Amino acid sequence: MALAIALQAGRAHADISGRVVDIVDGEPIEGAIVSVRARPDLGRVLTDADGHYTLPLNGVPGVVEIGVAVPWDPQSEINYLVNAVQAFDGLSGFQLPLLRSPDMENVAYEPPTAQTCNTCHSRYHQQWLTSRHAGSAVNPWVLDLYAGTGTAGGSAGYVFRDTHDAGHTGFCAACHAPMEDVFTPGEVYLDEVATPAGLNGVSCLACHQIADVDPTHINALNHLGKTDYRFLQGGQPTHLYVWGPLPDVDNGIMQAHYSPLHSDPRLCAACHQYTNPETGAPGQSTYTEWLASPYAQPGPGRRTCQNCHMEKETTAGQIGSQGPQRPASQRSTHRFTGATPQRLSENIDLRIAAQQSGAGLLLTAEVENQCGHNFPTGIDIRNALVVLDVRVGGVPLQQVHGPVLPFWASDDVPGEQPGDYAGWPGKGFAKVLEGRINGVGEVVRPVLFIDAEQAASNTTIPSGHTDVSQYRFAIPAGLPANTEVSITARLLYRRAWRALAVTKGWTQTPGGMPVEIQVQQRSLQLALEPVADGLFADGFEIAR
């Protein structure tokens, strides 16, 4: 009878109302999020100080699933698992109970492999398998630099373990094999990672068992003072206690916590923001670069790491093997797409302009960075360069003013090989670190962050900024009128220093992409006027 009355009431108004309470002591819970499961279009409501809520259904009749969650609070003594229950429209006094999160840690926890997650989340597992996260613990380039064991030529040149004290791990496993290193932080040698979960690299649990990333220690190395991994001991296996971005999942199998952190770039800062723990020299600063970008500002233009690198699915579907059909807006891909040629060309723009000025040619090159962090970003071996080629009749014009490409644009092999551009007209964009290998000997540049004592230079382009460089070239006297000058500008992105790639014999990345990507090319032809003297129109004299 009570149900019939409730249903009749529901025909007049479709709201559902009631209270959210703690299932242990029945106390009301303030600030709980109540929503219709998998219907973000219907909005969310928060409970008041007495745990009361009123959820408008906006004309949706019948049986609905209600999700209820409290955002995870690392400072709170009590946290709650997400819950979902069925309800009829029009119900009032409907009580929504929340289960407490276990307060004990599993000290004997042995994480399973990502294959366990594949049982229910096969789509995301297959996507993850194609990502560089999946290969982080066995990345051939990293192993070449660390132990010389990644590729056939990996033992050539710099090898960390050959040049550092025996007890120094280099901290690489902290991010490259987090589910092994987390149990003995900083003590795992990357080339000795052996557990199945460790060899999975940045796996499902490596992200979804992160409960917090401390913003007050944002430059620490992952779980060495910054990232809080939680391995809970409760009524279910520890690997089922996870943290994620949805406040309306059920707790039938997964024991989920609602974590706004997992929609925020601060989660990515666990690995993509750190400094050298001994010298403070910068390692990666992608998170703070994003914080300084236009995309970090509140409003419709806000974009996060997840927005760009975990694109939304194009169709509705389930998150796992069970649960409701969710709109594409709630389903994020797990390929973690990075600096592909298409992504680079869509977000980095090269422009050039040229004009004659008396006996010289004035050239301006602009590189605009429209992505959400500096260009380039990430590990310090990445770099980019604008290479200018200015010719008349196939002969390069003499550059008389403006920047030239730095030493790192060429390899260390004597002579000039194809791809060596040091000294050419152009500009380089990179974070060049310097320091002494293992803290002894002469200062070397560039070095990896683990040997860095400071940044020798940083010419990376901040998000939303345009780098402008200007050049002058001498026009030879005696050229016939309307002689054409040919100008070509190329913007190249290199995933490693050229000298490093040549020394190690790297011809493609571990992901199968080229070491060097031509992001854009711009060309101009300009008809020249005869040169009367050795001066630019602004009085700048050309030494001949």
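Since the model is a prediction, treat every value here as computed from it, not as a measurement. For the numbers below, each heavy atom of this structure counts, side chains included, while hydrogens, waters and symmetry mates do not.
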Quick one: are the ring centres of [X] and [Y] less than 6.0 Å apart?
X      : Y      : result
His334 : Trp128 : no
His373 : Trp290 : no
His272 : Tyr287 : no

- Message: Quick one, Glu105 and Phe231 - any side-chain contact, counting heavy atoms below 4.5 Å?
- Response: yes

- Side chains of Gln370 and Phe375: does their closest heavy-atom pair fall under 4.5 Å?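 Answer no - side chains too far apart.
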
- For Asn106, which residues count as a side-chain hydrogen bond (donor to acceptor under 3.5 Å, both in side chains) partner, sequence neighbours excluded? Thr238

- Message: Under the rule for side-chain hydrogen bond (donor to acceptor under 3.5 Å, both in side chains), what residues qualify as partners of Glu346, not counting sequence neighbours?
- Response: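 Glu346 satisfies side-chain hydrogen bond (donor to acceptor under 3.5 Å, both in side chains) with Gln342 once adjacent residues are dropped.
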
- Item | Asp212 and Lys226 ion-paired at < 4.0 Å | no

- Query: Can a salt bridge be assigned to the pair Arg37 and Asp250 using a cut-off of 4.0 Å between side-chain N and carboxylate O?
  - Reply: yes

- Classify the side-chain pair Glu180/Thr195 by whether it contains a donor and acceptor separated by less than 3.5 Å. yes

- Just by distance, with hydrogens left out, do Glu311 and Thr333 show a side-chain donor and acceptor under 3.5 Å apart? yes

- Kindly indicate, with the supporting measurements, whether the criterion side chain to side chain contact (heavy atoms under 4.5 Å, CB included) is fulfilled by Ile16 and Leu57. CA-CA 7 Å; Ile16 295 177; Leu57 294 188; 3.9 Å; yes

- Query: Quick one: is the NZ or CZ of Arg161 closer than 6.0 Å to the six-membered ring centre of Tyr189, and within 45° of its axis?
  - Reply: yes

- Task: Name the orientation class of the two ring planes belonging to Tyr158 and His164 (parallel below 30°, tilted from 30 to 60°, perpendicular beyond 60°).
- Result: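 Ring orientation, 0 to 90° scale: perpendicular.
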
